[in-house]
> 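My structure is below; once you've seen it, I'll send some questions.
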Amino acid sequence: MKYKEYKGLNYAEIADNVLDKWKKEEIFEKSISTREGKPAFTFYEGPPSANGTPGIHHVMARAVKDIFCRYKTLKGFQVKRKGGWDTHGLPVELQVEKELGITKEDIGKKISVEEYNEKCRETVMKFKDQWDDLTEKMGYWVDLDDPYVTFEKEYIETLWSILKELYDKGFLYKGYTIQPYSPAAGTGLSSHELNQPGTYRDVKDTTVTAQFKKKGSENEYFLAWTTTPWTLAANTALAIGEKITYIKVETFNAYTFDKSFVILAKDRLASYFNPKDTDAKIEDYNAGDKVIPYRIVEEFQGKDLVGQEYEQLLPYIAPDGPAFKVIPGDYVSTEDGTGIVHISPTFGADDYRVAKQAGIGAIMVKDADGKDAPIVDKRGRYVKEISDFAGIFVKNEYYADGEAPDKSLDVQIAIKLKEENKAFKVEKYEHSYPHCWRTDKPVLYYPLDSWFIKTTAVKDELVALNKTINWKPASTGTGRFGNWLENLVDWNLSRSRFWGTPLPIWVSEDKTEQKCIGSIEELRSEVSKSVEAGFMKSELSDDFDLHRPYVDDVVLVSDSGQQMLREKDLIDVWFDSGAMPYAQWHYPFENKEIFEANYPADFIAEGVDQTRGWFFTLHAISVMLNKKVAFKNVIANGLVLDKNGNKMSKRLGNAVNPFETLEKYGPDATRWYMISNANPWDNLKFNIEGVAEVQRRFFGTLHNTYSFFALYANLDSFDFSNSEIAINQRTESDRWILSKLNTLISKVDQAYEDYEPTKAARLIQDFTIDDLSNWYVRLNRKRFWRGEYNEDKKSAYQTLYTCLMTIAKLSSPVAPFYMDNLYADLNSVTGLEKYESIHLTDFPTSDSSMIDEDLEARMSLAQNISSLVHSLRKKHMIKVRQPLSKILLPVLNKSFKEHVTAVEELIKSEVNIKNIEFVDDDSVILVKNVKPNFRKLGQEYGPKMKAIAAKINQLTDEDIATLEIKNNLELTLDGDSVTLTLEDVEISYQDIPGWSVATEGKLTVALDITLDDDLRKEGIARDLVNRVQNLRKDMGLEVQDKINIRIERNDDLVNSALESNKEYICSETQALSLNILESVADGSELEMDEYKLKVKIEA
RNA sequence: GGGCUUAUAGCUCAGCUGGUUAGAGCGCUACACUGAUAAUGUAGAGGUCCGAGGUUCGAGUCCCCGUAAGCCCA
């Protein structure tokens, strides 16, 4: 049996073959079944929506997921991963609307809800095939055969059971929220409707800076600006920025000329007062003067204003709670207005939020049904309680053509405020304001009924439990997510749409009775009661669809015998996905054991954009139901941008097609690039050239190393059948690479354990390229291709085999196809392992007894010395092929000599020198250089350090000698004396006069560049070997083919070089004979540096 | 407007608890090496470490204020 040798290499083809094998041999299934009975590692799949095509960013997100599931499998866990599909919600509905060319209003009219939802059900799985294809091709292992689907009856039933549990716990309530509302159309507008082009238009409104009189003061006012004066009657608070600086200004009212003190943000002073007026004297002011003087009399921070009270501006209606206080508002700025914001909780979402946080009530009236209502009715008119303006539309645009009054409500209010000394400034102001896209009339922000989940009730638990979650990166957990939890508001669950999970709440006609249904069984029995009561004609059918419109037709009967209708709302789709830990198993109706064994999740990963989406809903539902986290570790990955850092979009044409990339570069290089290039949580600038580079550099090098191994292992029939050679029998370099390898294992293991895949990939890559390929293999080449199949050679094979095998295993989570292939290539010959796939093996364990830090230090020394010698050779244009007699190394310390001696042979062969000589410390020929040890001196002397450092740089050779011998030296500076010890300085050897010297850090190397005839001859011989090897290659000879060499006589030096190195030349070139002849007529002319040789080679 | 992230060579990224000459790979230039060869080595060019201020003997690193880009939310 031979190791497979590759001619060309097609990574995509390898992946295809491996994929076939996985399918045929059911490797994925086995990776789970062979771990039966082992501890579970639970992963939750965040369900994608298949109504769009997958992009390259999905490859990234899923690679991250896949890596840790594969890693944990190798670590002996059983990792079940159920796939899933997110199927409800607005994106699907919008797509269907677009495809059908209809709008929301047409649903139920032009098309029945039934047909519409049927269309949604089809559309949502439109690209499932492409998704499945991508999943397979990129090597993402997830169970696609039995996924959870959020529109399925069982899934919805679990959702209902959860909703009921929340309902029973009192977490579900109906309240209102401020939403964009079109009085003209009589409907709320969704955020996407507001995002349509043309919605925002510039309009000119009458704006008022109102004076809110500070409670208990004579004439002191808070100034607040509004572009919607009609909301002033609903004012219940003033918001300030806690970090903003405010001032109190003494001045006069421009309309009443009354003296007043007004409070506003310091930064806004210039907008309200003309700096030219600053010279005017308050005392000189007369009512009616054009120039109004002002004077700053006090300054304070916003936080000092919090809690101060003021008098109601327009006292038509009493507030329904505490009101008329200064409260903090996180969104208050000094961009415009006064830096004090008027708050009307019924007409602004921010207003509502900050008022609620501060415990401030609203101005409400009772409507016809006796329910709380705002001071503007649903058609946009002031209610009757606003006696002066009852029935007036708040915007002139709401009147029918020609009926609008000359003075809009805003103007009328402005006049009233001016007259009552409540307006500081009234002016027209142009700004952009949203309009209803159907009626073209301005939108109001208006309180509308919604169902809420009272997440604020469990805020403390949400915050506390979040701190137990391991977030990658941590800042997303503490910052983005943590801060947000701190400012949590209740979860608005209602959606007025058609395709989604219906809210299972039925309400009686008089609104006093409610039922929340928690299962199909319960619904069935309630329907039975309803049939009995005569509200329903028939029992619930077995194949009843829980979606609209069917569920809307279900009429129930209340305990007191009233008819009950379902609340029309659907629930937020994020509830669907957030409930997947339970609903994917149809818990609690089925699979109790499976659920319990797989909750909470050990690991989840999604894009950072899911922070307030899936991450939150998972967390919230879990905490509310079980007071537990839903996941213990989470990676929030960043975006995939194009190579210039722009967002990818199909419209701009810069989106990368994942299928083309996988096709061209194969999944392994694609995944490796994505993981190794940047941390998953940083945005990835996807550059296809980077994938090519990874392929060339990492996979190319690894493959070359394998090919090298395979070539010679095949020649020697190495199959690892001999027992493993003891570590102490192996060479220095074998032990070195194995030491490095075991260090690598533990570091990579730790990196995966810490959810740091980038770190893991980079460690593996550096080891493979630098340590294994560029050092170990390069240095040990000859052991593989020269000499008999002895213990040393076996040791080399075994060492390299172990390295390759270990790299394959360590890398397999990231590059699952290629590494499985490599595993098979290696293992099929040796048969050391019984597994069918690398993904069924165990993760390598680091053997700390193999780690020899001393050895690693020695080798590092050898590398540095070699590098310095190379640079010296370069400097003098002496090629490595030309042997040189010796190098000199100044001895740095005791262990230095031992270390170098241990790796002496390596250095000598690497840089082609005959001897290494050491120069002792006290030798006179060394020129010493001394540098301050800043770290030590800084700690010791602090501020004096600079002066001391300057002194040290001026030390003479005698001073250094004194310091070295006595280990102390007195320095005087500014009268003080300081005693230096050897620890305070770093001594290095700068130069050796008469030698060619190179220095790096403390290490210094001197190279003897004199050549004698013997060295020259050897150089010539080596040159010849090189040329002959090239000729052999040109002739297409195999490594083991024998040749005969004839050479035409040349000058004496050359002839004698050939004669004296004949044996060497022959063994290197597999030559049976080397003959120097007077003439070789048919020979080829070989150009050497100083000679030309005529040579003929015969096989 | 708020929260969070990022900013270091032409490009992609390292840079640990502050230590004085800021690194790697790719790319570019030159030279060398070559039984792994679509590799490899050495050297060179290339940096106001986004900007301003502060702390410190010393700041890419710590603090503060900005700028730009991105994401989420208003």
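So that the names make sense, note that chain A is the first sequence line, chain B the second, and so on, each numbered from 1.
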> Quick check on RNA chain B: between A/Asp682 and A/Lys685, whose nearest nucleotide comes earlier from the 5' end?
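So the residue in question is A/Asp682.
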> Between B/C73 and B/C57, how far apart are the C1' atoms? Round to whole Å, please.
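About 46 Å, rounded to a whole number of Å.
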> Once you apply a heavy-atom cut-off of 4.0 Å, does A/Ser707 come out as touching a base, just sugar-phosphate, or nothing?
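Here A/Ser707 touches no strand at all.
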> Under 4.0 Å, counting only non-hydrogen atoms across every strand here, what does A/Arg696 touch: a base, just sugar-phosphate, or nothing?
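Sugar-phosphate, no base atom in range.
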> Could you give the distance separating B/G60 and B/A7 at their C1' atoms, to the nearest angstrom?
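The answer is 12 Å between these two C1' atoms.
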> What is the distance, rounded to the nearest whole Å, between atom CG of A/Asp771 and atom P of B/A36?
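So the CG-P distance, A/Asp771 to B/A36, works out to 20 Å.
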> For a 4.5 angstrom cut-off between non-hydrogen side-chain atoms, does A/Phe615 reach A/Val634?
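SC-SC contact between A/Phe615 and A/Val634 confirmed.
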> Do any N or O atoms from the side chain of A/Asn683 and from the backbone of A/Val640 form a donor-acceptor pair under 3.5 angstrom?
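No: the side chain of A/Asn683 does not pair with the backbone of A/Val640.
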> When you compare B/G2 with B/C65, how far apart are their P atoms, in angstrom units rounded to a whole number?
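Roughly 12 Å separates the two P atoms.
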> Between B/G25 and A/Arg697, is there an OP1 or OP2 to side-chain N/O distance shorter than 4.0 Å?
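No.
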> Taking the ring of A/Tyr712 and the ring of A/Phe784, is the distance between their centroids below 6.0 Å?
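Centroid separation for A/Phe784 and A/Tyr712: 6.0 Å or greater.
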> Figure out the CZ/P separation between A/Arg762 and B/G23, and round it to whole Å.
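Computing the A/Arg762:CZ to B/G23:P distance gives 19 Å.
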> Within the side chain of A/Arg696, is there an N or O that forms a donor-acceptor pair under 3.5 Å with the backbone of A/Glu693?
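Such a contact is absent between A/Arg696 side chain and A/Glu693 backbone.
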> Please state how far atom CG in A/Leu485 lies from atom P in B/C4, giving the value in whole angstrom units.
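From A/Leu485 CG to B/C4 P: 14 Å.
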> Output the single nucleotide from B/A14, B/A36, B/G41 whose closest atom is nearest the side chain of A/Asn774.
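Nucleotide nearest to A/Asn774's side chain: B/G41.
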> What is the distance, to the nearest angstrom, from the CH2 atom on A/Trp775 to the P atom on B/G41?
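Those two atoms, CH2 and P, are 11 Å apart.
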> Using 30° and 60° as the class limits, which term best fits the ring planes of A/Tyr446 and A/Phe347: parallel, tilted or perpendicular?
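Judged by the thresholds at 30° and 60°, the geometry between A/Tyr446 and A/Phe347 is tilted.
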> Return the value, rounded to whole Å, for the distance between atom CG of A/Asn677 and atom C1' of B/A14.
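Going from A/Asn677 (CG) to B/A14 (C1'), I get 12 Å.
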> How long is the line joining CH2 of A/Trp681 and C1' of B/U5, in whole Å?
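Interatomic distance, CH2 of A/Trp681 to C1' of B/U5: 13 Å.
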> Give a yes or no on this: more than 12 heavy atoms of other residues, nucleotides or ligands lie within 6.0 Å of atom NZ of A/Lys747.
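Check fails, neighbour count at 12 or below.
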> In whole Å, I'd like the distance from the CD atom of A/Gln695 to the P atom of B/C26.
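Whole-Å distance recorded here is 16 Å.
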> Work out how far the P atom of B/C11 is from that of B/A30, and round it to whole angstrom.
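Roughly 23 Å separates the two P atoms.
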> Report the distance from atom CG of A/Leu488 to atom P of B/G3, rounded to the nearest whole Å.
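Taking atom P of B/G3 as the reference, CG of A/Leu488 is at 18 Å.
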> For RNA chain B, produce a single dot-bracket line, 5' to 3'. Pairs: Watson-Crick or G-U wobble, both distances under 3.5 Å. Symbols: ( ) within strand, [ ] crossing, | other strand, . unpaired.
(((((((..((((.....[...)))).(((((.......))))).....((.((..]....)).))))))))).
> When we call it a touch if two heavy atoms are under 4.0 Å apart, what does A/Asn483 touch: a base, just sugar-phosphate, or nothing?
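Sugar-phosphate contact only.
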> When you compare B/A14 with B/G41, how far apart are their C1' atoms, in angstrom units rounded to a whole number?
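About 23 Å, rounded to a whole number of Å.
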> Looking at A/Asn687, does any N or O in its side chain come under 4.0 Å of the phosphate oxygens OP1/OP2 on B/C11?
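Answer is no, no contact under 4.0 Å.
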> Quick one: the side chain of A/Ser773 and the base of B/A39, do they pair up donor-acceptor inside 3.5 Å?
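Per atom types, no contact qualifies.
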> Keeping A/Lys793 on the side-chain end and A/Arg783 on the backbone end, is there a donor-acceptor pair under 3.5 Å?
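No, A/Lys793 side chain to A/Arg783 backbone: no donor-acceptor pair under 3.5 Å.
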> If we take the C1' atom in both B/A45 and B/G10, what is their distance in whole Å?
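It comes out at 12 Å once rounded to the nearest Å.
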> In terms of ring plane angle, is the pair A/His703 and A/Tyr11 parallel, tilted or perpendicular, where the classes change at 30° and 60°?
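Answer is perpendicular, since the angle exceeds 60°.
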> For a quick check, with a 4.0 angstrom heavy-atom cut-off, what is the B/S/- contact string for nucleotides 69-74 of chain B, read 5' to 3'?
-SBSSS
> Taking A/Pro680's backbone N and O only, do any of them form a donor-acceptor pair with A/Asn637's side chain (distance below 3.5 Å, no angle check)?
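Judged by distance alone, no pair lies under 3.5 Å.
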> Aromatic rings A/Tyr706 and A/Tyr6: how do their planes relate, parallel, tilted or perpendicular, breaks at 30° and 60°?
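Perpendicular, since the angle between the ring planes exceeds 60°.
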> In terms of the nearest nucleotide of RNA chain B, which residue is placed more toward the 5' end: A/Arg778 or A/Ala678?
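Looking at the nearest nucleotide for each, A/Ala678 comes out on the 5' side.
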> Expressed in whole Å, how much space separates the P atoms belonging to B/G27 and B/G54?
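The same atom, P, in both gives a distance of 44 Å.
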> Who pairs with A/Asn679 by side chain to side chain contact (heavy atoms under 4.5 Å, CB included), at least two apart in sequence or on another chain?
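Partners of A/Asn679 under the side chain to side chain contact (heavy atoms under 4.5 Å, CB included) test: A/Trp681, A/Asp682, A/Glu756, A/Thr758.
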> Looking only at atom C1', what distance separates B/U67 and B/A9, rounded to whole Å?
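Nearest-Å result for B/U67 against B/A9 at atom C1': 22 Å.
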